*Asks:* 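One structure coming up, written as structure tokens, with questions to follow.
Residue numbers start from 1 in every chain, and the chains themselves are labelled A, B, ... in the order their sequence lines are given, proteins ahead of strands. Fair warning: this is a prediction, and the values are worked out from it, not measured in the lab.
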There are 2 protein chains.
Amino acid sequence: MELLQGTLDMLVLRTLRAGPLHGYGIAKNIRSASNEALDIEFGSLYPALKRLEMKGWIASAWETSEHNRRAKYYKLTAAGRKQLLREHSKWADFVSAVSRIMGPAPEVKG
Amino acid sequence: MELLQGTLDMLVLRTLRAGPLHGYGIAKNIRSASNEALDIEFGSLYPALKRLEMKGWIASAWETSEHNRRAKYYKLTAAGRKQLLREHSKWADFVSAVSRIMGPAPEVKG
DNA sequence: TTCTTTATATAGAATCTCTTAATATGGAAC
DNA sequence: GTTCCATATTAAGAGATTCTATATAAAGAA
């Protein structure tokens, strides 16, 4: 599923709240946590991780993965934690505003 | 407020469901219907209207507005109505998937 | 005649996501 | 040993949408 622009960063930060994880793991985590509804493309994810690190919201370190491969582990910084709160709150406001206009979702068609 | 990419078209279609309206009116309508939360920029709206018309989801005609000015009135086509259903349903699915991951919105800070 | 509101349009920048492809290694299967 | 699959990262380029800024124009009020 294509993501709406702007949600990826938030989803990544939220996923890292549970602890450090490498890129591949983040993507798998989001995918399974959403019941396969959200499929993160690596071509979107890695630029996003770079972005988030440049902004100081996550920090990275090379380590060995649980499958004995080298992998870059990312973890939330204190600033990232605050950013996550801001983004979550903003997202909730946005969804609420859009829902006010859209009304109840249409019936699922056979 | 910045819109998430992809929601503008849906909001426009939804607004036109109530009847034909010109661009300026659509923007004002969305703004007030969202309690001033969603502020549509004209630089986003007019390209969107062009896009929607090219796709056959809306049709336009020049008329005289309620303030006696020339204005281009847009109305939903049958295809636009179907498209609106699709987009609304997809939006609901997306919000549901993201919410599953994000959990409850954070408390509002003073 | 000046200001505010109504009304449309376009160019260009900024941003994000997606497609595609390249690279590399560990472990299992054969 | 070598082939295949899952794991893991990276980068280039395209595509799409939104935003900033600007130009134009006319009705009506002051």
Side-chain angles (χ1 to χ4, degrees), chain A residues 1-13 15 20-32 37-55 57-58 60-74 83 87 90-91 94 97-98, chain B residues 1-13 15 20-32 37-55 57-58 60-74 83 87 90-91 94 97-98:
Chain A
M1 180 188 271
E2 330 135 29
L3 293 176
L4 285 191
Q5 261 189 211
T7 50
L8 179 54
D9 291 13
M10 179 180 77
L11 289 170
V12 168
L13 293 179
T15 301
L21 208 51
H22 48 77
Y24 194 86
I26 293 172
K28 285 212 312 183
N29 189 306
I30 292 179
R31 185 177 179 155
S32 71
L38 304 176
D39 192 9
I40 307 300
E41 303 294 332
F42 294 112
S44 309
L45 178 61
Y46 287 110
L49 288 170
K50 220 171 238 184
R51 213 157 53 223
L52 293 172
E53 189 168 18
M54 283 227 319
K55 286 174 176 165
W57 296 333
I58 61 179
S60 67
W62 284 99
E63 289 177 37
T64 301
S65 82
E66 69 273 29
H67 295 101
N68 210 34
R69 273 177 200 69
R70 79 188 237 293
K72 201 187 272 184
Y73 277 76
Y74 296 90
Q83 177 62 13
E87 290 192 25
K90 205 171 123 188
W91 159 257
F94 181 74
V98 171
Chain B
M1 178 189 271
E2 333 133 29
L3 293 176
L4 285 191
Q5 258 189 218
T7 50
L8 179 54
D9 291 12
M10 179 179 77
L11 289 169
V12 169
L13 293 178
T15 300
L21 208 51
H22 48 78
Y24 194 85
I26 294 173
K28 285 212 313 182
N29 189 307
I30 292 179
R31 186 177 179 155
S32 72
L38 304 177
D39 191 10
I40 307 300
E41 303 294 333
F42 293 112
S44 308
L45 178 60
Y46 288 110
L49 289 170
K50 217 170 240 185
R51 212 156 54 221
L52 293 171
E53 189 167 18
M54 283 226 319
K55 286 175 176 164
W57 295 333
I58 61 178
S60 67
W62 285 99
E63 290 176 35
T64 300
S65 82
E66 69 273 29
H67 295 101
N68 211 34
R69 273 176 200 72
R70 79 188 237 294
K72 200 186 272 183
Y73 277 76
Y74 296 90
Q83 177 62 13
E87 289 192 26
K90 204 171 124 189
W91 159 258
F94 182 73
V98 171

*Asks:* Taking CD1 from B:I30 and P from D:dT18, how many angstroms apart are they, rounded to a whole number?
*Replies:* 11 Å

*Asks:* Choose from C:dA9, D:dA8, D:dT18 the nucleotide whose nearest atom is closest to any side-chain atom of B:L8.
*Replies:* D:dT18

*Asks:* If you check the B:P47 side chain, which of D:dT18, C:dT17, D:dA8 turns out closest?
*Replies:* D:dT18

*Asks:* Decide yes or no on side chain to side chain contact (heavy atoms under 4.5 Å, CB included) for A:R70 and A:H22, but give the supporting numbers first.
*Replies:* CA-CA 10 Å; A:R70 79 188 237 293; A:H22 48 77; over 6 Å; no

*Asks:* Show the numbers, then the answer: is there a side chain to side chain contact (heavy atoms under 4.5 Å, CB included) between A:W91 and B:V98?
*Replies:* CA-CA 10 Å; A:W91 159 257; B:V98 171; 3.5 Å; yes

*Asks:* If you compare every side-chain N and O of B:S44 against the phosphate oxygens of D:dC19 (OP1, OP2), does one of them come in below 4.0 Å?
*Replies:* yes

*Asks:* Which residue lies toward the 5' end of DNA chain D, A:W62 or B:R51, if each is placed at its nearest nucleotide?
*Replies:* A:W62

*Asks:* Which whole-number value in Å describes the distance from A:R31 CZ to D:dA8 C1'?
*Replies:* 16 Å

*Asks:* Between C1' on C:dT8 and OH on B:Y24, what's the gap in Å once rounded to a whole number?
*Replies:* 11 Å

*Asks:* Can you measure B:Y46 atom OH to C:dA7 atom C1' for me and round it to whole angstrom units?
*Replies:* 5 Å

*Asks:* Mind checking B:G43 for me? I need base, sugar-phosphate or nothing, with any heavy atom below 4.0 Å counting as a touch.
*Replies:* base

*Asks:* Are B:K50 and C:dT10 close enough that a side-chain N or O sits under 4.0 Å from OP1 or OP2?
*Replies:* yes

*Asks:* Strictly below 4.0 Å: does A:S65 bring a side-chain N or O up to OP1 or OP2 of D:dA8?
*Replies:* yes

*Asks:* How long is the line joining CD of A:E41 and P of D:dA8, in whole Å?
*Replies:* 18 Å

*Asks:* Tell me the interatomic distance from B:H22, atom NE2, to C:dA9, atom P, rounded to whole angstroms.
*Replies:* 12 Å

*Asks:* Would you indicate whether the side-chain heavy atoms of A:I26 and A:I40 approach each other to under 4.5 Å?
*Replies:* no

*Asks:* Would you mind reading off the distance between A:E87 atom CD and C:dT15 atom C1', rounded to a whole angstrom?
*Replies:* 14 Å

*Asks:* NE2 of B:H67 versus P of C:dT6: gap in Å, rounded?
*Replies:* 6 Å

*Asks:* Need one value for A:G6: base, sugar-phosphate or nothing, where a base atom within 4.0 Å counts as base even if backbone is also close, heavy atoms only.
*Replies:* sugar-phosphate

*Asks:* Apply side chain to side chain contact (heavy atoms under 4.5 Å, CB included) to the pair A:Y24 and A:H67, showing each step before the final yes or no.
*Replies:* CA-CA 12 Å; A:Y24 194 86; A:H67 295 101; over 6 Å; no

*Asks:* Given the rule in the side chain to side chain contact (heavy atoms under 4.5 Å, CB included) test, do B:F94 and A:T7 qualify, once you have shown the distances and angles that lead to the verdict?
*Replies:* CA-CA 10 Å; B:F94 182 73; A:T7 50; 3.7 Å; yes

*Asks:* Go through the N and O atoms of the side chain of B:R69 and the base of D:dA27, and report whether any donor-acceptor pair is under 3.5 Å.
*Replies:* yes

*Asks:* Give a yes/no answer on whether the side chain of B:K28 brings an N or O atom under 4.0 Å of OP1 or OP2 in C:dA7.
*Replies:* no

*Asks:* Does a side-chain N or O from A:K72 land closer than 4.0 Å to OP1 or OP2 of D:dT10, or not?
*Replies:* yes

